Amino acid sequence: MAELRDAGLIRHLGLSSVTPEHLAEAQAIAPVVCVQNWYGLDKRLADVNGLLDSCREQGIAFVPFFAISGHQREAAAGDTHDEAVVEIARAHGATPAQVRLAWTLHRGPHVLAIPGTSKPDHLAENIAAGALRLSQTDLDRLQAIPHGDA
Ligand SMILES: NC(=O)c1ccc[n+]([C@@H]2O[C@H](COP(=O)([O-])OP(=O)(O)OC[C@H]3O[C@@H](n4cnc5c(N)ncnc54)[C@H](OP(=O)(O)O)[C@@H]3O)[C@@H](O)[C@H]2O)c1
């Protein structure tokens, strides 16, 4: 891949589902511009949290997948949300999906959103989530949501 990049056939290199060690190994070969890993409100494993912070320090975009659907993964995201998410959404006149996205985005300006949807209404909602500002009280409450492995 580095050779293809040097030949001008690939502009940028990104990694997916990697560990901090993978990132360091790849960076020693060629510059990495983005990392795409599973990360969200209910999936905040310590090593991925560290990876996200390390990406910020290295100027690498972090692109979380399953930010809305979480442990439901490819299944329809449905209406199953933690009570705190539902209450915070109600207080902001927002939806639980928007709160989940806003929480992800608050992790840093280098964190991007790639929510998947088949519905134009959800697309509009997801774009609007970029303007949702969570208070420190909201963030503290969301922080307390269980977030272990699947
Ligand atoms: N690199 C990797 O290994 C990897 C792995 C998995 C996924 N991905 C990529 O990550 C992106 C996101 O993945 P994903 O789409 O599976 O997960 P996601 O964005 O977390 O969730 C998508 C699900 O959430 C629903 N949804 C979207 N917006 C909603 C809203 N505003 N309100 C309620 N429900 C909403 C969608 O249903 P509706 O259609 O009904 O809106 C769909 O069921 C995709 O581009 C995917 O290709 C990458």
Side-chain angles (χ1 to χ4, degrees), residues 1-2 4-5 10-27 29-56 58-135 138-139 141-150:
M1 298 300 281
L4 292 174
R5 181 180 164 280
I10 291 172
R11 185 168 301 167
H12 295 302
L13 296 178
L15 303 176
S16 177
S17 301
V18 291
T19 64
E21 292 73 26
H22 291 141
L23 175 59
E25 198 180 334
Q27 285 274 70
I29 299 168
V32 171
V33 302
C34 65
V35 167
Q36 185 170 126
N37 267 36
W38 181 357
Y39 184 77
L41 199 45
D42 52 8
K43 182 79 169 179
R44 286 173 271 151
L45 299 181
D47 63 335
V48 184
N49 258 320
L51 181 63
L52 185 150
D53 293 332
S54 164
C55 282
R56 178 176 54 227
Q58 298 179 64
I60 297 172
F62 186 87
V63 191
F65 60 80
F66 297 153
I68 292 183
S69 55
H71 287 295
Q72 294 168 94
R73 304 172 74 171
E74 281 90 359
D79 296 322
T80 312
H81 296 284
D82 189 278
E83 199 182 312
V85 174
V86 174
E87 288 177 11
I88 290 168
R90 196 176 298 131
H92 283 275
T95 67
Q98 287 179 311
V99 169
R100 291 183 64 103
L101 278 177
W103 179 86
T104 310
L105 291 172
H106 103 278
R107 287 290 277 110
H110 69 304
V111 179
L112 311 181
I114 51 164
T117 182
S118 58
K119 299 191 173 67
D121 287 355
H122 284 171
L123 175 64
E125 239 179 53
N126 296 344
I127 292 169
L132 176 57
R133 297 286 173 265
L134 300 170
S135 68
D138 296 334
L139 294 172
R141 209 171 156 203
L142 294 171
Q143 195 68 22
I145 290 176
H147 52 85
D149 209 341

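For the single chain, residues carry numbers from 1 onward in sequence order. Owing to the predicted nature of the structure, the values given are computational and were not obtained by experimental measurement. One-based numbering, in listed order, for ligands and for the atoms of each.
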- Task: Could you tell me whether F65 and ligand 1 have an N or O pair separated by under 3.5 Å?
- Result: no

- Note on the structure: Here the gap from D47 atom CG to L52 atom CG, rounded to the nearest 0.5 Å, amounts to 11.5 Å

- Note on the structure: Taking only non-hydrogen atoms of S69 and a 4.0 Å limit, the atoms of ligand 1 in range are 17 (O), 18 (P), 20 (O), 21 (O)

- Pairs satisfying salt bridge (charged side-chain N to carboxylate O under 4.0 Å, His left out), at least one member in residues 104-120, at least two apart: D53-R107

- Considering only heavy atoms, does S16 approach ligand 1 within less than 4.0 Å through its side chain, its backbone, both, or neither? side chain

- Just which atoms of ligand 1 are under 4.0 Å from any heavy atom in P115? 19 (O)

- How close do S118 and P120 get, heavy atom to heavy atom, and via which atoms? O-CD, 4.0 Å

- OG1 of T19 to CG of N37: how many Å apart, nearest 0.5 Å? 8.5 Å

- Message: I'd like to check the ring pair (Phe, Tyr, Trp, His ring centres under 6.0 Å) partners of H106; sequence neighbours left out, ordered by chain and number.
- Response: W103

- Task: Identify, by atom number and element, the atoms of ligand 1 in contact range of K119, meaning under 4.0 Å from any of its heavy atoms.
- Result: 38 (P), 40 (O)

- Query: When you look for heavy atoms under 4.0 Å from ligand 1, do you find them on the side chain of N126, its backbone, both, or neither?
  - Reply: side chain

- Message: Is there a polar contact, in the sense of an N or O pair closer than 3.5 Å, between A97 and ligand 1?
- Response: no

- Can you sort out which atoms of ligand 1 are near E125, meaning under 4.0 Å from one of its heavy atoms? 30 (C), 31 (N), 32 (N)

- Query: For ligand 1, does S17 get within less than 4.0 Å through its side chain, its backbone, both, or neither, judged by non-hydrogen atoms?
  - Reply: side chain

- Message: Let's go through D42 and D82 carefully: what are the C-alpha distance in whole Å and the side-chain angles of both, what is the deciding distance for side-chain contact (heavy atoms from CB on, under 4.5 Å) to 0.1 Å, and is it a yes or a no?
- Response: CA-CA 9 Å; D42 52 8; D82 189 278; over 6 Å; no

- Item | Pairwise distance CZ(R141) to OG(S135) - rounded to 0.5 angstrom | 10.5 Å

